[in-house]
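Convention: sequence-line order gives letters A, B, ...; per-chain numbering from 1.
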Amino acid sequence: GEDVEQSLFLSVREGDSSVINCTYTDSSSTYLYWYKQEPGAGLQLLTYIFSNMDMKQDQRLTVLLNKKDKHLSLRIADTQTGDSAIYFCAESIPGGGNKLTFGTGTQLKVEL
Amino acid sequence: NAGVTQTPKFQVLKTGQSMTLQCAQDMNHNSMYWYRQDPGMGLRLIYYSASEGTTDKGEVPNGYNVSRLNKREFSLRLESAAPSQTSVYFCASRGRQEYGYTFGSGTRLTVV
(Lines give C-alpha, C1' and ligand atoms only; values in the text may rest on other atoms or scores of the structure.)
Protein backbone atom coordinates (compact mmCIF):
# COMPACT_ATOMS: atom_id res chain seq x y z
CA GLY A 1 0.00 0.00 0.00
CA GLU A 2 1.01 3.64 -0.35
CA ASP A 3 -0.74 5.28 2.61
CA VAL A 4 1.20 7.95 4.47
CA GLU A 5 -0.35 8.98 7.79
CA GLN A 6 0.03 12.11 9.88
CA SER A 7 -1.87 13.58 12.78
CA LEU A 8 -4.01 16.53 11.69
CA PHE A 9 -3.17 19.19 14.29
CA LEU A 10 -0.36 20.26 16.60
CA SER A 11 -0.29 23.30 18.86
CA VAL A 12 2.87 24.54 20.60
CA ARG A 13 4.04 27.64 22.42
CA GLU A 14 6.57 29.96 20.86
CA GLY A 15 10.09 28.93 21.83
CA ASP A 16 9.18 25.28 22.47
CA SER A 17 10.16 22.41 20.20
CA SER A 18 7.63 20.93 17.78
CA VAL A 19 7.65 17.31 16.72
CA ILE A 20 5.58 16.27 13.72
CA ASN A 21 5.24 12.56 13.08
CA CYS A 22 4.59 10.54 9.95
CA THR A 23 4.10 6.84 9.29
CA TYR A 24 4.64 5.42 5.83
CA THR A 25 3.97 1.93 4.59
CA ASP A 26 6.28 1.26 1.65
CA SER A 27 9.63 -0.13 2.74
CA SER A 28 11.10 0.42 -0.73
CA SER A 29 10.92 4.22 -0.36
CA THR A 30 14.20 5.79 -1.40
CA TYR A 31 13.79 9.37 -0.26
CA LEU A 32 11.45 10.89 2.30
CA TYR A 33 10.59 14.57 2.37
CA TRP A 34 9.09 17.27 4.51
CA TYR A 35 7.21 20.11 2.84
CA LYS A 36 5.77 23.30 4.33
CA GLN A 37 2.64 25.03 3.05
CA GLU A 38 1.79 28.53 4.21
CA PRO A 39 -1.77 29.86 3.74
CA GLY A 40 -2.64 30.46 0.11
CA ALA A 41 0.70 29.21 -1.16
CA GLY A 42 2.16 26.14 -2.78
CA LEU A 43 4.27 23.53 -1.03
CA GLN A 44 7.89 24.35 -0.32
CA LEU A 45 10.52 21.68 0.25
CA LEU A 46 11.96 21.97 3.77
CA THR A 47 14.29 19.00 3.87
CA TYR A 48 14.72 15.42 2.75
CA ILE A 49 16.41 12.28 4.01
CA PHE A 50 17.76 9.34 2.08
CA SER A 51 16.45 5.98 3.22
CA ASN A 52 19.87 4.71 4.38
CA MET A 53 20.19 7.54 6.90
CA ASP A 54 18.85 7.65 10.46
CA MET A 55 19.06 11.35 11.10
CA LYS A 56 19.60 14.62 9.32
CA GLN A 57 20.02 18.04 10.89
CA ASP A 58 19.62 21.35 9.12
CA GLN A 59 19.73 24.42 11.38
CA ARG A 60 16.54 24.28 13.50
CA LEU A 61 15.24 21.18 11.72
CA THR A 62 16.03 17.60 12.71
CA VAL A 63 14.66 14.65 10.75
CA LEU A 64 14.64 11.20 12.30
CA LEU A 65 13.98 8.05 10.29
CA ASN A 66 13.15 4.67 11.81
CA LYS A 67 13.01 2.26 8.89
CA LYS A 68 12.06 -0.72 11.02
CA ASP A 69 8.89 1.02 12.19
CA LYS A 70 8.47 3.05 8.98
CA HIS A 71 8.34 6.20 11.08
CA LEU A 72 9.56 9.65 10.09
CA SER A 73 9.59 12.72 12.31
CA LEU A 74 10.40 16.39 11.94
CA ARG A 75 11.57 18.33 14.97
CA ILE A 76 11.57 22.12 14.82
CA ALA A 77 13.66 23.69 17.59
CA ASP A 78 12.76 27.09 19.08
CA THR A 79 9.45 27.21 17.19
CA GLN A 80 8.46 30.67 15.99
CA THR A 81 5.11 32.14 14.89
CA GLY A 82 6.44 32.09 11.32
CA ASP A 83 6.55 28.31 11.55
CA SER A 84 2.74 28.16 11.68
CA ALA A 85 1.78 26.26 8.53
CA ILE A 86 0.74 22.85 7.26
CA TYR A 87 3.55 20.30 7.12
CA PHE A 88 3.42 17.37 4.73
CA CYS A 89 5.60 14.31 4.70
CA ALA A 90 6.07 12.48 1.40
CA GLU A 91 7.76 9.32 0.21
CA SER A 92 9.37 8.51 -3.11
CA ILE A 93 8.97 4.98 -4.38
CA PRO A 94 11.23 3.67 -7.16
CA GLY A 95 9.71 3.40 -10.61
CA GLY A 96 6.17 4.28 -11.64
CA GLY A 97 6.73 7.78 -12.95
CA ASN A 98 8.95 9.09 -10.20
CA LYS A 99 5.92 9.98 -8.09
CA LEU A 100 5.70 11.15 -4.51
CA THR A 101 2.95 10.03 -2.13
CA PHE A 102 1.92 12.64 0.41
CA GLY A 103 0.46 12.44 3.87
CA THR A 104 -2.68 14.36 4.77
CA GLY A 105 -0.68 17.17 6.37
CA THR A 106 -0.28 18.40 9.97
CA GLN A 107 -1.50 21.88 10.81
CA LEU A 108 1.03 23.45 13.19
CA LYS A 109 -0.23 26.37 15.26
CA VAL A 110 2.32 28.36 17.26
CA GLU A 111 0.87 30.33 20.16
CA LEU A 112 2.47 33.26 21.97
CA ASN B 1 12.78 33.42 -11.61
CA ALA B 2 13.20 29.69 -12.23
CA GLY B 3 10.32 27.54 -11.13
CA VAL B 4 6.83 26.31 -11.94
CA THR B 5 4.27 28.82 -13.21
CA GLN B 6 0.54 28.12 -13.09
CA THR B 7 -2.25 30.13 -14.65
CA PRO B 8 -4.81 31.27 -13.76
CA LYS B 9 -4.50 31.75 -9.99
CA PHE B 10 -8.27 31.92 -9.46
CA GLN B 11 -11.23 30.78 -11.53
CA VAL B 12 -14.98 30.46 -11.08
CA LEU B 13 -16.84 28.19 -13.47
CA LYS B 14 -20.46 27.28 -13.93
CA THR B 15 -21.39 23.60 -13.93
CA GLY B 16 -20.82 22.17 -17.39
CA GLN B 17 -18.29 24.77 -18.53
CA SER B 18 -14.84 23.73 -19.68
CA MET B 19 -11.44 25.19 -19.01
CA THR B 20 -7.74 24.45 -19.22
CA LEU B 21 -5.26 25.02 -16.41
CA GLN B 22 -1.81 25.88 -17.69
CA CYS B 23 1.51 24.88 -16.17
CA ALA B 24 5.06 25.59 -17.35
CA GLN B 25 8.47 24.89 -15.81
CA ASP B 26 11.84 26.27 -16.83
CA MET B 27 14.11 23.87 -14.94
CA ASN B 28 14.43 21.30 -17.73
CA HIS B 29 12.69 18.69 -15.58
CA ASN B 30 11.51 15.49 -17.23
CA SER B 31 8.55 14.69 -14.98
CA MET B 32 5.45 16.81 -14.35
CA TYR B 33 2.37 16.25 -12.20
CA TRP B 34 -1.10 17.58 -11.46
CA TYR B 35 -2.53 17.30 -7.94
CA ARG B 36 -5.68 18.50 -6.28
CA GLN B 37 -5.80 19.53 -2.64
CA ASP B 38 -8.96 19.25 -0.59
CA PRO B 39 -9.37 19.86 3.16
CA GLY B 40 -8.45 16.84 5.25
CA MET B 41 -7.46 14.79 2.20
CA GLY B 42 -3.95 15.96 1.51
CA LEU B 43 -2.77 15.96 -2.10
CA ARG B 44 -4.23 13.51 -4.58
CA LEU B 45 -2.55 12.82 -7.90
CA ILE B 46 -4.74 13.43 -10.94
CA TYR B 47 -2.37 12.78 -13.86
CA TYR B 48 1.33 12.75 -14.42
CA SER B 49 3.85 12.79 -17.23
CA ALA B 50 7.04 10.89 -16.52
CA SER B 51 8.69 12.30 -19.64
CA GLU B 52 7.84 14.32 -22.71
CA GLY B 53 5.39 12.39 -24.87
CA THR B 54 3.93 10.24 -22.09
CA THR B 55 1.01 10.75 -19.72
CA ASP B 56 -0.54 8.43 -17.14
CA LYS B 57 -3.51 8.42 -14.80
CA GLY B 58 -3.06 9.01 -11.13
CA GLU B 59 -5.37 8.37 -8.21
CA VAL B 60 -8.32 10.59 -9.26
CA PRO B 61 -8.31 11.05 -13.09
CA ASN B 62 -12.04 10.99 -13.78
CA GLY B 63 -13.35 14.22 -15.29
CA TYR B 64 -9.90 15.43 -16.36
CA ASN B 65 -7.60 15.22 -19.36
CA VAL B 66 -4.00 16.32 -19.78
CA SER B 67 -1.60 17.29 -22.51
CA ARG B 68 2.18 17.31 -22.32
CA LEU B 69 2.66 19.92 -24.99
CA ASN B 70 6.47 19.87 -24.81
CA LYS B 71 9.08 19.38 -22.12
CA ARG B 72 8.15 22.66 -20.44
CA GLU B 73 4.36 22.62 -20.50
CA PHE B 74 1.75 20.30 -18.99
CA SER B 75 -1.90 21.36 -19.12
CA LEU B 76 -4.96 20.03 -17.29
CA ARG B 77 -8.39 20.24 -18.91
CA LEU B 78 -11.82 20.00 -17.34
CA GLU B 79 -14.23 19.19 -20.17
CA SER B 80 -17.48 19.61 -18.21
CA ALA B 81 -16.90 21.06 -14.77
CA ALA B 82 -18.79 19.71 -11.77
CA PRO B 83 -19.09 21.13 -8.22
CA SER B 84 -17.05 18.14 -6.97
CA GLN B 85 -14.10 19.58 -8.89
CA THR B 86 -14.01 22.65 -6.67
CA SER B 87 -10.51 22.45 -5.26
CA VAL B 88 -7.02 23.90 -5.28
CA TYR B 89 -4.96 22.49 -8.13
CA PHE B 90 -1.19 22.25 -8.00
CA CYS B 91 1.24 21.53 -10.77
CA ALA B 92 4.68 20.18 -9.90
CA SER B 93 7.80 19.07 -11.69
CA ARG B 94 10.66 16.84 -10.64
CA GLY B 95 14.32 16.75 -11.61
CA ARG B 96 16.92 15.23 -9.28
CA GLN B 97 15.44 12.63 -6.93
CA GLU B 98 16.73 14.16 -3.72
CA TYR B 99 15.03 17.47 -4.38
CA GLY B 100 11.55 16.03 -4.68
CA TYR B 101 9.01 18.21 -6.42
CA THR B 102 8.99 21.89 -7.21
CA PHE B 103 5.43 23.16 -6.91
CA GLY B 104 3.58 25.98 -8.58
CA SER B 105 1.59 28.40 -6.45
CA GLY B 106 -1.75 26.76 -7.26
CA THR B 107 -5.06 27.51 -8.99
CA ARG B 108 -8.12 27.97 -6.80
CA LEU B 109 -11.08 26.69 -8.79
CA THR B 110 -14.71 27.07 -7.74
CA VAL B 111 -17.48 25.37 -9.71
CA VAL B 112 -20.97 26.69 -8.99
Inset, instruction - Quick one: which of Ala90(A), Gly105(A), Ser92(A) has the most heavy-atom pairs under 4.5 Å with chain B, could you say? - result: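 Heavy-atom pair counts peak at Ser92(A).
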Is there a path of hydrophobic side-chain contacts, each under 4.5 Å between heavy atoms, that joins [X] and [Y]?
{"X": "Phe103(B)", "Y": "Ile46(B)", "result": "no"}
{"X": "Met32(B)", "Y": "Leu21(B)", "result": "yes"}
{"X": "Trp34(A)", "Y": "Leu32(A)", "result": "yes"}
{"X": "Val4(B)", "Y": "Leu45(B)", "result": "no"}
{"X": "Tyr89(B)", "Y": "Phe74(B)", "result": "yes"}

Inset, instruction - Check whether Arg44(B) gets within reach of chain A through its side chain, its backbone, both or neither, counting any heavy atom under 4.5 Å. - result: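 Contact with chain A involves no heavy atom of Arg44(B) at all.
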Legend entry - Engaged part of Gln37(B) at the chain A interface, taking heavy atoms whose separation is under 4.5 Å: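 Just the side chain, heavy atoms under 4.5 Å.
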Legend entry - Centroid separation Phe102(A) to Tyr35(B) less than 6.0 Å: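 Centroid separation for Phe102(A) and Tyr35(B): below 6.0 Å.
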Legend entry - Donor-acceptor contact present, side-chain Tyr101(B) to main-chain Leu100(A), <3.5 Å: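 Yes, because the side chain of Tyr101(B) sits within donor-acceptor range (under 3.5 Å) of the backbone of Leu100(A).
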Legend entry - Tyr33(B) six-ring face occupied by Lys99(A) cation (under 6.0 Å, within 45°):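 Judged by the rule, Lys99(A) and Tyr33(B) form no cation-pi pair.
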Inset, instruction - Anything in residues 35-69 of chain A with a heavy-atom distance to chain B below 4.5 Å? Please list those residues in order. - result: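 Against chain B, the residues of residues 35-69 of chain A that fall inside the cut-off (heavy atoms, under 4.5 Å) are Tyr35(A), Gln37(A), Gly40(A), Ala41(A), Gly42(A), Leu43(A), Leu45(A), Tyr48(A).
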Inset, instruction - Could you tell me which of Gly58(B), Gly100(B), Ser51(B) has the largest number of non-hydrogen atom pairs under 4.5 Å with chain A? - result: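 When all of Gly58(B), Gly100(B), Ser51(B) are compared, Gly100(B) has the most.
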